[in-house]
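Report on one structure; see the data block that follows.
Start at 1 with the first residue, then count along the sequence. Everything numeric here is computed off the predicted structure, so don't read it as measured data. Just so it is clear, the values below take in all heavy atoms, side chains as well, and ignore hydrogens, waters and symmetry mates.
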Amino acid sequence: MLSLDPSGPEWDCPLGSKDLEEEGPWGGGSGLPPTGCFPGSWRQDVGLDCKGSPEGAEARAWTVYYYSLLQSCLQQAGLPETQDRSQVPRTGCPGAEVTLCVLGSPSTFLPVLLEGGVQSPGNMLLCLSPAWLMKMPAPGQPGEAALLVSKAVSFHPGGLTFLDDFVPPRRATYFLAGLGLGPGRGREAAELARDLTCPTGASAELARLLEDRLLTRQLLAQQGGVAVPATLAFTYKPPGLLRGGDASPGLRLVELSGKEGQKTLVKEEVEAFLRSEALGDILQVAVKLSGWRWRGRQALRLHSQAELGAVVDTVLALLEKLEEEESVLVEAVYPPVQLPCSDGPSPGPSLAVRVCAVVCRTQGDRPLLSKVVCGVGRGDRPLRHHNSLPRTLEVALAQCGLGEEAQVAAVRQRVKAAAEAALAAVLALEAGLSAEQRGGCRAYTDFLGVDFALTAAGGVLTPVALELNGGLCLEACGALEGLWAAPRLGPAADEAAAAPLVETMLRRSARCLMEGKQLLVVGAGGVSKKFVWEAARDYGLQLHLVESDPNHFASQLVQTFIHFDMTEHRRDEENARLLAGLVRARGLKLDGCFSYWDDCLVLTALLCQELGLPCSSPAAMRLAKQKSLTQLHLLHHHGPPWPAPSLHAVPCCPLESEADVERAVHQVPLPGVMKLEFGAGAVGVRLVEDAPQCHEHFSRITRDLQGEADHPGIGLGWGNAMLLMEFVEGTEHDVDLVLFGGRLLAAFVSDNGPTRLPGFTETAACMPTGLAPEQEAQMVQAAFRCCLGCGLLDGVFNVELKLTGAGPRLIEINPRMGGFYLRDWILELYGVDLLLAAVMVACGLRPALPTRPRARGHLVGVMCLVSQHLQALSSTASRETLQALHDRGLLRLNLLEEALVPGEYEEPYCSVACAGPSPTEARLRLLGLCQGLGIDGPSYPVAHFLSHFK
């Protein structure tokens with residue numbers, strides 16, 4: 001039997017009471033905290049005082065209280081006591097490091113704090129007092145202020161915590177506060193959160209809107225299509241956002257001109273509501289107050305649906321308490337739902353269930369359900385957050401007699417859809433508000449808790465949204481996750497409820513750190529890199545461009561355009577000195593310099609060296625750029641440490657003449673692979689079976705591809721030297737890495753389909769990888785070791801490998817961000833932008849990345865080639881058709897070339913992909929789409945190319 005107490009955190013405070021229950025200091029309470037609440041043996045002589053910001057006795061008592069609460073929470077989670085390091089202040093790099101700051105109750109935010117300690121060690125800070133923070137006016141940003149952290153508890157992996165002082169203070173890059181609007185600490189937190197230069201995940205202004213039950217119910221019903229309780233609302237001078245008519249037949253809004261003399265109107269409306277179809281079979285109604293002022297101190301009465309007089313009297317009594325923009329609600333109370341039970345009715349009272357969902361804003365402002373937690377209790381008693389133990393949805397439904405797997409999955413899906421629709425409606429509301437209405441131009445809601453009842457509408461269990469909250473649902477999720485903390489037993493942990501929220505905090509922090517940064521881009525690239533200019537505008541980057549083409553479209557999209565012929569890369573050292581002179585002559589004050597274009601990578605490293613900007617060394621870039629040098633260098637890199645990069649290198653020989661070819665065929669086992677030393681896009685790469693084929697292919701390449709003009713953008717500015725390397729059997733994979741200071745920060749592995757031998761042009765891809773976890777880890781470590789072996793310590797790199805029976809073997813290192821579709825897919829699936837990571841590294845900043853990003857789905861894609869698909873790309877799969885399908889969310893299109901020009905040496909024209917909850921579903925969708933669009937055919941068998949992804 002399923003039901004949910006609609007009252008939220010408090011229940012049935014007497015209407016005549018003057019001392020309504022308060023929320024506590026973060027919500028606006030006053031007075032001294034309770035004493036003797038926390039039995040424990042932690043140290044009391046810790047440095048909680050903040051130099052320069054002395055606290056009064058009452059404030060100091062609350063700081064001590066919250067420190068003890070933190071220690072109690074850590075103790076119950078089986079985690080060590082906080083260590084006091086405040087005697088030796090931390091120095092840090094103000095303005096150049098991620099600082100995620102939380103001000104609020106440790107018990108509420110513990111899931112966020114612990115997850116933050118894992119994803120960004122040492123950068124998740126808990127402030128136990130507003131006195132530990134201060135606002136500093138921001139130069140050049142009138143009305144805004146930077147938030148500085150002087151003291152905090154820092155969180156680290158393994159639940160380690162330290163009490164730290166910061167000299168100079170750390171500058172917050174994200175702020176999340178427990179907010180209230182009354183006197184006390186809640187008001188101080190609200191003032192601190194207002195009009196900050198850093199992103200904030202909450203504000204008093206937004207809390208005021210979301211704490212209004214009537215407003216949120218109207219919003220969810222109108223904008224989100226979410227079921228809400230049948231409600232009759234009497235509102236006194238409602239806010240503008242509430243004006244605009246009823247949200248649904250079950251939501252009736254009555255505007256009152258005054259609070260007195262309303263008995264007749266109230267009686268008529270209540271009588272009509274109690275007899276309305278909206279109530280259906282409901283036997284009880286609740287009467288309560290709605291408005292931000294009543295947050296956490298609730299006056300509520302339950303009445304039978306037949307008690308018209310009592311309901312009217314309660315409404316009239318509550319009307320006297322109303323202030324402007326507040327309401328009295330009469331709402332349906334949903335009884336426990338009767339479920340068929342094979343064992344017959346169970347003895348004792350029926351069980352009630354409260355469903356609580358936490359949903360987070362993710363990349364692209366998309367809501368994502370992160371966790372569902374339930375409370376179970378007696379159906380004849382009120383069920384609140386703090387008077388029931390949290391459990392999973394599966395366990396809760398099973399206790400109530402619903403254990404069939406498919407039915408439980410269906411309920412979970414309906415809860416997910418409703419919770420995500422609720423946050424989507426909130427985000428849409430916020431998008432239409434001014435900065436002043438939101439409490440600052442960077443104030444947005446990043447997570448939401450939604451409380452649901454379950455009703456049996458038409459025989460289907462349907463979630464009904466009762467109220468929105470953040471802290472209570474988050475705290476419930478933390479309590480559930482804490483079940484397996486001490487002792488450390490139980491199943492493998494699911495993703496933490498706070499994981500998507502912390503990822504969003506890091507993403508918004510990265511934007512904060514990079515906004516306004518001045519970057520020099522060397523080489524604009526082609527149509528496949530158009531996203532760079534759009535992303536730069538979105539991130540607030542100030543770009544300056546060096547480009548050989550004076551008419552390049554990007555010349556109009558940057559702050560400064562420097563036309564410079566850099567196509568002859570054998571003159572890179574000279575060109576770097578000349579470019580450095582041009583940069584200085586123009587007075588550019590650069591924070592960084594980077595390139596994503598193969599031809600310009602060595603030049604960029606040399607230019608950074610000239611300008612004193614961060615970058616991997618020119619020697620490392622040269623080593624990675626020349627493919628034979630990469631392999632031969634790593635072949636001789638035997639360690640220590642072990643395993644050494646030599647385990648992954650493949651024998652090869654450089655080729656500059658026919659004599660080199662003759663020598664190579666006797667040194668490299670055949671069959672082999674011949675390719676351009678400095679090539680890109682698999683242009684000119686071919687499988688060769690014997691010596692005659694080697695000579696033939698060498699002659700054809702040296703004849704057809706002599707210089708940049710023969711095929712721009714594939715490295716011919718470096719010359720057309722080739723190499724012969726051993727052909728290794730196995731599946732092909734890409735590993736995209738983010739390195740900073742020689743440390744691996746993130747890695748993303750994708751799978752490639754079989755190529756059309758004897759060529760090696762990519763045909764298909766799948767992400768995330770379908771490899772077993774151990775194999776995936778081997779691929780990541782192989783790629784990482786190869787980069788370190790070449791001296792690539794800082795940057796975003798793409799490493800192509802094959803997984804053989806003997807382990808990973810290196811194909812080549814691309815010392816830049818992965819090309820084709822990779823940046824787009826990683827952003828879509830993981831919410832991580834490789835471009836943003838690359839520009840952060842270029843500015844000497846550690847990228848703000850989650851330690852363990854998890855994919856939110858699967859993508860499977862296929863490449864389209866002009867030589868194979870010219871007819872389809874000119875008709876059934878035209879660019880316009882593909883773009884329309886992309887806009888409708890039916891496929892994911894990445895355009896790689898502008899024109900449909902066939903040629904012997906070609907690169908893919910575009911990538912077409914489909915998403916799905918599993919690789920099988922994504923693969924089947926893509927196969928059907930390719931068959932319908934004419935991309936699949938006898939000469940281009942898409943099913944074969946996708947066969948590796950089963």
Side-chain angles (χ1 to χ4, degrees), residues 364 526-531 534 681-683 732 734 750-757 759-768 770 818-829 855-950:
V527 63
S528 65
K529 298 298 185 287
K530 275 189 173 179
F531 67 83
E534 299 164 1
V683 175
E732 189 172 334
D734 278 55
S750 55
D751 304 337
N752 291 338
T755 61
R756 300 168 64 239
L757 297 175
F760 286 89
T761 302
E762 186 174 323
T763 58
C766 175
M767 183 180 279
F820 291 163
Y821 48 82
L822 285 168
R823 179 259 180 182
D824 176 58
W825 282 22
I826 291 169
L827 182 60
E828 172 69 14
L829 292 175
R856 312 292 185 198
H858 297 263
L859 280 168
V860 176
V862 67
M863 293 294 197
C864 296
L865 306 176
V866 175
S867 63
Q868 299 297 313
H869 302 112
L870 181 58
Q871 182 176 351
L873 293 171
S874 303
S875 55
T876 53
S878 68
R879 181 173 173 178
E880 293 74 22
T881 299
L882 295 177
Q883 187 62 53
L885 292 171
H886 174 94
D887 294 340
R888 291 169 58 192
L890 298 177
L891 61 77
R892 195 154 197 90
L893 173 66
N894 282 275
L895 196 65
L896 310 175
E897 294 291 336
E898 191 77 58
L900 293 170
V901 180
E904 182 179 359
Y905 305 102
E906 68 176 340
E907 297 178 81
Y909 171 75
C910 68
S911 165
V912 174
C914 284
S918 69
T920 298
E921 189 164 336
R923 178 174 55 83
L924 292 175
R925 287 178 185 174
L926 179 64
L927 184 57
L929 197 72
C930 288
Q931 291 169 345
L933 293 172
I935 296 171
D936 181 41
S939 64
Y940 202 81
V942 172
H944 169 65
F945 300 143
L946 304 182
S947 60
H948 283 186
F949 312 143
K950 290 184 178 178

If you compare all heavy atoms of [X] against all heavy atoms of [Y], which two are closest, and at what distance to 0.1 Å?
X      : Y      : value
Ala872 : Leu933 : CB-O, 3.8 Å
Phe820 : Pro908 : CZ-CD, 3.8 Å
Leu929 : Leu890 : CD2-O, 4.4 Å
Ala913 : Trp825 : CB-CZ2, 3.4 Å
Ala922 : Val860 : CB-CG2, 3.8 Å
Gly753 : Phe949 : N-CZ, 3.6 Å

Is any side-chain heavy atom of [X] less than 4.5 Å from a side-chain heavy atom of [Y]?
X      : Y      : result
Leu885 : Leu893 : no
Arg892 : Leu859 : yes
Leu896 : Met863 : yes
Leu900 : Leu870 : yes
Glu898 : Lys530 : yes

When you check the side-chain N and O atoms of Gln868 and Ser939, is any donor under 3.5 Å from an acceptor?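 Yes.
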Evaluate side-chain contact (heavy atoms from CB on, under 4.5 Å) for Tyr909 paired with Leu895, printing each intermediate quantity in order. CA-CA 7 Å; Tyr909 171 75; Leu895 196 65; 3.7 Å; yes
Give the intermediate values and the outcome of side-chain contact (heavy atoms from CB on, under 4.5 Å) for residues Phe531 and Asp824. CA-CA 9 Å; Phe531 67 83; Asp824 176 58; over 6 Å; no
Rounded at 0.5 Å granularity, tell me how far [atom1] in [X] sits from [atom2] in [Y].
X      : Y      : atom1 : atom2 : answer
Cys910 : Ile935 : SG    : CD1   : 6.5 Å
Tyr821 : Glu828 : OH    : CD    : 15.0 Å
Leu865 : Glu906 : CG    : CD    : 4.5 Å
Arg756 : Thr763 : CZ    : OG1   : 9.0 Å
Met767 : His858 : CE    : NE2   : 12.0 Å
Ser750 : Ile826 : OG    : CD1   : 7.0 Å

I'd like to know whether Thr881 forms a side-chain contact (heavy atoms from CB on, under 4.5 Å) with Thr876, so could you lay out the CA-CA distance, the side-chain angles of the two residues, the decisive distance to 0.1 Å, and finally the verdict. CA-CA 7 Å; Thr881 299; Thr876 53; over 6 Å; no
State whether Arg879 and Glu897 are salt-bridged, where the test is any N-O pair (Lys NZ or Arg NE/NH1/NH2 against Asp/Glu carboxylate O) under 4.0 Å.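 So Arg879 does not pair with Glu897 through a salt bridge.
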What verdict does the ring pair (Phe, Tyr, Trp, His ring centres under 6.0 Å) test give for Tyr940 and His869, after you've listed the backbone C-alpha separation in whole Å, the side-chain angles of each residue and the deciding distance to 0.1 Å? CA-CA 9 Å; Tyr940 202 81; His869 302 112; 4.4 Å; yes
Atom CD of Gln931 with >12 non-hydrogen neighbours under 6.0 angstrom: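 Yes.
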Please confirm whether the backbone N or O of Ser911 pairs with a side-chain atom of Asn894, one donor and one acceptor, at under 3.5 Å?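 Side chain of Asn894 to backbone of Ser911: no pair is present.
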